[in-house]
2 protein chains.
Amino acid sequence: MNGDIRRNMALFPIGIVMKLTDLTARQIRYYEQHELIVPARTNGNQRLFSFNDVERLLEIKNLIEKGVNIAGIKQVLPSVSQSSEEATYMNEQSEVARREMSVKDLRRMLKRQLLEKRPGQVTLNQGDLSRFFQ
Amino acid sequence: MNGDIRRNMALFPIGIVMKLTDLTARQIRYYEQHELIVPARTNGNQRLFSFNDVERLLEIKNLIEKGVNIAGIKQVLPSVSQSSEEATYMNEQSEVARREMSVKDLRRMLKRQLLEKRPGQVTLNQGDLSRFFQ
DNA sequence: ACTTCATGTCAAGAAAGGTGACATCAAATT
DNA sequence: AATTTGATGTCACCTTTCTTGACATGAAGT
């Protein structure tokens with residue numbers, strides 16, 4: 001949608017996303033169950049979230065806090081983007097991996113940037129991710 | 001919004017609207033209480049609904065049936081139009097009343113057109129009102 | 001006069017949302 | 001290889017909100 005492929009790269013396991021969004025794994029899986037979000041999966045079936053996924057989760061959190069129920073969120077948020085469905089699960093064999101930085105390195109770097117700078121509460125707000133894509 | 005002043009004319013008391021929308025008075029007042037709709041009032045404080053109000057109620061009904069709660073409807077539907085707030089309560093003294101047809105006559109006519117043609121179920125659906133404004 | 005409408009309140013059922021806690025097994029990381 | 005992290009599933013539970021029905025009383029409309 002954006003043209004920026006990084007936004008759709010499936011990078012984060014659920015543990016990271018928990019910390020980024022301050023949602024419990026229970027909640028995140030609950031929202032997936034109700035089709036508010038469709039994260040990619042690794043070959044081993046573990047969820048991997050993209051930046052877009054994380055932003056969507058932040059929007060969901062936002063609406064929930066406004067009292068909007070699941071059905072309402074489905075009306076408000078654009079239906080689950082096919083971009084998630086065809087999300088790029090970047091493994092070491094992918095074409096992108098052949099460039100300067102491996103996915104592993106990218107994830108490590110982002111993990112540091114996103115989490116380690118803020119001890120204690122690391123909750124992001126909507127828009128906080130945008131600075132990574134200026 | 002439309003330029004068609006008739007869409008904002010406060011014409012129908014709650015009883016008519018009940019039949020048009022198949023909502024109970026309870027429900028309609030409930031939606032007003034929660035600021036989903038702001039009908040005009042007569043001098044005697046009774047609600048008077050415009051065509052726009054009725055259409056809005058049909059949309060609300062639609063969303064309710066999809067399971068969207070009040071908070072969600074507020075997100076989905078454009079916030080209550082100021083057109084309702086400054087809704088034209090047409091009484092016999094108003095300028096429009098000086099034209100061919102009095103408001104009383106108009107209401108009688110519409111009542112017949114909208115209700116008497118369909119015995120039993122007279123529930124309208126979204127868009128049904130549009131034929132009055134072609 | 002008769003019908004319709006307004007406001008307010010009690011009640012209550014139903015669903016929805018959200019969580020916690022386990023248990024078991026598989027995947028990933030180091 | 002060992003440790004951590006994640007997946008699925010389930011039972012249970014609580015709390016809240018929604019949403020509506022049903023009355024009662026008094027005023028407005030026709």
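A note on names: the letters A, B, ... follow the listed sequences, proteins ahead of strands, and every chain is numbered from 1.
Counting to the nearest Å, the P atom of C:dG17 and the CD atom of A:Gln27 are 12 Å from each other. Atom pair A:Met18:CE and D:dA7:P shows a separation of 11 Å (rounding to whole Å applied). Nucleotide C:dA28 holds its P atom 15 Å from the CD1 atom of A:Ile16, rounded to whole Å. As a whole-Å value, the separation of B:Leu48 CG from C:dT4 P is 16 Å. Here C:dG17 presents its P atom at 17 Å from NZ of A:Lys66, a figure rounded to the nearest Å. Distance B:Tyr31 OH to D:dT19 P: 6 Å, rounded to the nearest Å. One interatomic measurement links the two molecules: CD1 of B:Ile28 to C1' of D:dT19, which rounds to 14 Å at whole-angstrom precision. Rounded to whole Å, atom P of D:dG6 lies 14 Å from atom CD of A:Glu32.
Nearest nucleotide to the side chain of A:Arg41, out of D:dA7, D:dA28, C:dA6: D:dA7. Checked against C:dT7, C:dG17, D:dT8, the side chain of A:Ile70 finds its nearest nucleotide in C:dG17. Checking D:dC18, D:dG29, C:dT7 against the side-chain heavy atoms of B:Tyr30 singles out D:dC18 as nearest.
Look at B:Gln46 and you won't find any side-chain N or O under 4.0 angstrom from OP1 or OP2 of D:dG29. Checking the phosphate oxygens (OP1, OP2) of D:dA7, a side-chain nitrogen or oxygen of A:Arg47 falls inside 4.0 Å. Here A:Thr42 reaches the OP1 or OP2 of C:dA28: one of its side-chain N or O atoms lies under 4.0 Å away. Taking only side-chain nitrogens and oxygens, A:Asn45 comes nearer than 4.0 Å to OP1 or OP2 of D:dT8. Here B:Thr24 reaches the OP1 or OP2 of D:dG21: one of its side-chain N or O atoms lies under 4.0 Å away.
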Could you walk me through whether B:Phe12 and B:Leu48 pass side-chain contact (heavy atoms from CB on, under 4.5 Å), step by step? CA-CA 5 Å; B:Phe12 310 116; B:Leu48 275 193; 5.8 Å; no
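Scored by the side chain to side chain contact (heavy atoms under 4.5 Å, CB included) test, A:Ile64 finds A:Tyr31, A:Ile60, A:Ile73 as partners (sequence neighbours excluded). Not counting sequence neighbours, the partners of A:Val76 by the side chain to side chain contact (heavy atoms under 4.5 Å, CB included) test are A:Leu63, B:Gln75, B:Val76. With sequence neighbours excluded, the residues satisfying side chain to side chain contact (heavy atoms under 4.5 Å, CB included) with B:Gln33 are B:Tyr30. Remark: A:Gln27 pairs with A:Thr24 by the side-chain hydrogen bond (donor to acceptor under 3.5 Å, both in side chains) rule, at least two apart or across chains.
We find the CD-CG distance between B:Glu59 and B:Asn52 to be 9.5 Å, quoted to the nearest 0.5 Å.
Listed for the A:Asp53 side chain is no donor-acceptor partner under 3.5 Å among the backbone atoms of A:Val38. The main-chain N or O of B:Ala71 is never found under 3.5 Å from a side-chain atom of A:Lys66 such that the two would form a donor-acceptor pair. For the pair A:Arg56 (side chain) and A:Leu77 (backbone), a donor-acceptor distance under 3.5 Å is absent.
Contact annotation for A:Arg29: base contact, defined as any heavy-atom pair under 4.0 Å involving a base atom.
A heavy-atom distance below 4.5 Å is found between the side chains of A:Pro39 and A:Glu32.
Two end axes, each from the C1' atoms of five base pairs, can be drawn for the helix from C:dA1-D:dT30 to C:dT30-D:dA1; they diverge by 50°, to 10 degrees.
Along DNA chain C, the nucleotide closest to B:Ile14 and the one closest to A:Glu65 are compared, and the more 5′ of them pairs with B:Ile14. Judged by closest nucleotide on DNA chain D, B:Val68 is the one of B:Gly44 and B:Val68 placed further toward the 5' end.
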Tabulated below should be each protein N or O lying under 3.5 Å from an N or O of nucleotides 12-17 of chain D; please produce it.
none

